[in-house]
Amino acid sequence: MAAAEWTSWRPLRLAEDIPAGTLAEQMDGGQSFRWSREAAGSWVGVFGRTLAAVRPGPQGLEWRGLPGATQAEADLRRYLDAEGSQAKLSEALPWRSDPVLRAARAAYPGLRILRQDPHETLIGFLCSSNKRIVQIRVMVAALADKLGEPLGAGFHAMPTWQEIARAEDATLRACSLGYRAAYLRGTAKQLLARPRWAEEFAALPTAALLEELQTLPGVGPKVAACVALFGFGRLESFPVDTWVVQALGDAYGLRGWKPAQLEQFGKAHFGEAAGLAQQYLFSAARNGLLSRGAVIVPTKPTRPRPRK
DNA sequence: GTCCAGGATTCAG
DNA sequence: CTGAATCATGGA
């Protein structure tokens with residue numbers, strides 16, 4: 001197949017700069033499963049029907065896309081919150097009185113919640129249960145490559161519910177979905193009968209949205225919270241996963257609390273942008289920056305010790 | 001071989 | 001209602 005005909009790299013002006021480390025965490029930190037790192041330190045991925053690449057440059061973030069994709073820049077700007085609407089929400093988080101949040105926030109300055117498509121977010125997190133992020137990326141990539149509409153340069157859009165419903169069992173099995181294949185099938189079957197579901201869901205207040213999402217097979221409290229946060233822009237949504245359980249247990253002394261209790265704590269403690277706080281904590285915990293009630297500041301990259 | 005993974009569902013009590 | 005078992009798959 002032909003090599004991608006990219007536009008040249010161009011600056012993407014952001015209200016606030018994204019440091020390279022934060023960009024990596026934002027593109028590959030479990031919000032979206034559609035970005036991959038290229039050799040030159042850039043990130044390439046698909047969101048909606050837009051193919052784009054981004055990289056940190058000397059003057060700030062740079063991007064490129066396919067020629068003729070006239071909406072790509074506007075789409076990317078919205079996707080990355082280029083206008084900075086989350087900046088004041090982040091500023092308003094209780095980081096001044098909360099040393100754990102302060103450290104996590106300082107570790108990933110400029111980290112934002114990606115504004116993703118509800119459909120794509122739902123598919124991604126339907127695949128997410130009991131899987132590592134790298135493995136989720138493999139599943140989602142296989143779904144797109146085998147079932148999604150070709151976008152050129154070998155990239156594909158996420159499959160529609162119809163494309164998922166029509167797929168052969170063998171095709172889904174080849175995506176390494178395991179028991180999650182039934183989640184996708186079941187949700188596809190329900191939402192096929194409801195083509196405007198995303199708009200209908202978007203009109204609901206957050207509590208009702210979370211409830212409605214959980215009527216779908218494969219969607220429990222945690223997946224619903226992720227879809228509400230990343231796909232519907234509900235910044236107050238507070239997903240409680242294994243990393244957040246660990247972070248709140250270790251660094252906040254909440255060991256033994258059940259997920260529902262931790263969710264309530266998170267919403268009460270962090271407020272209207274609890275989901276953004278959650279993402280700071282999630283990233284810090286997953287990268288080993290929180291432990292045992294203290295915030296660990298790494299001095300050197302830890303290297304696995306040779307074992308006998 | 002064992003254990004675990006951005007959990008959800010089903011079943012027993 | 002709560003807690004435990006089960007669910008496919010791949011990597012460490």
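Residue numbers start from 1 in every chain, and the chains themselves are labelled A, B, ... in the order their sequence lines are given, proteins ahead of strands.
Straight-line distance between the P atoms of B:dG6 and C:dG3: roughly 24 Å, to the nearest whole Å. For the P atom pair drawn from B:dC11 and C:dA8, the interatomic distance equals 14 Å after rounding to whole Å.
Salt bridge present: A:Arg96 and A:Glu91 bring a charged side-chain N and a carboxylate O closer than 4.0 Å. The existence of a salt bridge linking A:Arg112 and A:Glu16 is confirmed by a sub-4.0 Å separation between a basic side-chain nitrogen and an acidic carboxylate oxygen. Salt bridge status for A:Arg185 with A:Asp169: present, with a side-chain N to carboxylate O gap under 4.0 Å. Between A:Arg77 and A:Glu83 there is a salt bridge, since at least one side-chain N of the basic residue sits less than 4.0 Å from a carboxylate O of the acidic one. Salt bridge annotation for A:Arg49-A:Asp75: absent, with no cationic side-chain nitrogen under 4.0 angstrom from a carboxylate oxygen.
Put simply, chain A comes within 4.0 Å of DNA chain B, heavy atom to any atom, from B:dC4 to B:dT9, going 5' to 3'. In the 5' to 3' direction, nucleotides of DNA chain C lying under 4.0 Å from heavy atoms of chain A begin and end at C:dG3 to C:dG10.
Within a 6.0 Å radius of CZ in A:Arg13, no more than 12 heavy atoms belonging to other residues, nucleotides or ligands are found.
A:Arg64 pairs by the side-chain hydrogen bond (donor to acceptor under 3.5 Å, both in side chains) definition with nothing, not counting sequence neighbours. Partners of A:Glu212 according to the salt bridge (charged side-chain N to carboxylate O under 4.0 Å, His left out) rule, which considers only residues two or more places apart in sequence or in another chain, are A:Arg194.
Of the residues in residues 157-179 of chain A, those lying under 4.0 Å from DNA chain C by heavy-atom distance are A:Arg173, A:Ser176, A:Gly178, A:Tyr179. Across residues 108-133 of chain A, A:Asn130, A:Lys131, A:Arg132 each have a non-hydrogen atom less than 4.0 Å from an atom of DNA chain C (numbered order).
For A:Phe33 and A:Phe125, the gap between ring centers is short of 6.0 Å.
Within 4.0 Å (heavy atoms only), A:Val219 reaches sugar-phosphate atoms of the nucleic acid but no base atom. Across all strands shown, A:Arg286 has no heavy atoms under 4.0 Å from either base or sugar-phosphate atoms. In this structure, A:Pro221 reaches the sugar-phosphate backbone alone: every heavy-atom distance under 4.0 Å involves primed, P, OP1 or OP2 atoms, never a base.
Side-chain atoms of A:Gln26 and A:Thr22 form no donor-acceptor pair, as typed in the model, at a separation below 3.5 Å. Under the 3.5 Å distance criterion, with hydrogens and angles disregarded, no donor-acceptor pair is assigned to the side chains of A:His119 and A:Trp197.
Considering all non-hydrogen atoms of both residues, A:Leu229 and A:Arg234 come closest at CD1-O, 3.3 Å. Residues A:Leu147 and A:Ala167 come closest through the heavy atom pair CD2-CB, 3.6 Å.
Comparing A:Gln279 and A:Pro217 by the nucleotide of DNA chain B whose heavy atom lies nearest to each, the residue mapping closer to the 5' end is A:Gln279. The residue among A:Gln31 and A:Gly218 whose nearest nucleotide of DNA chain B lies closer to the 5′ end is A:Gln31.
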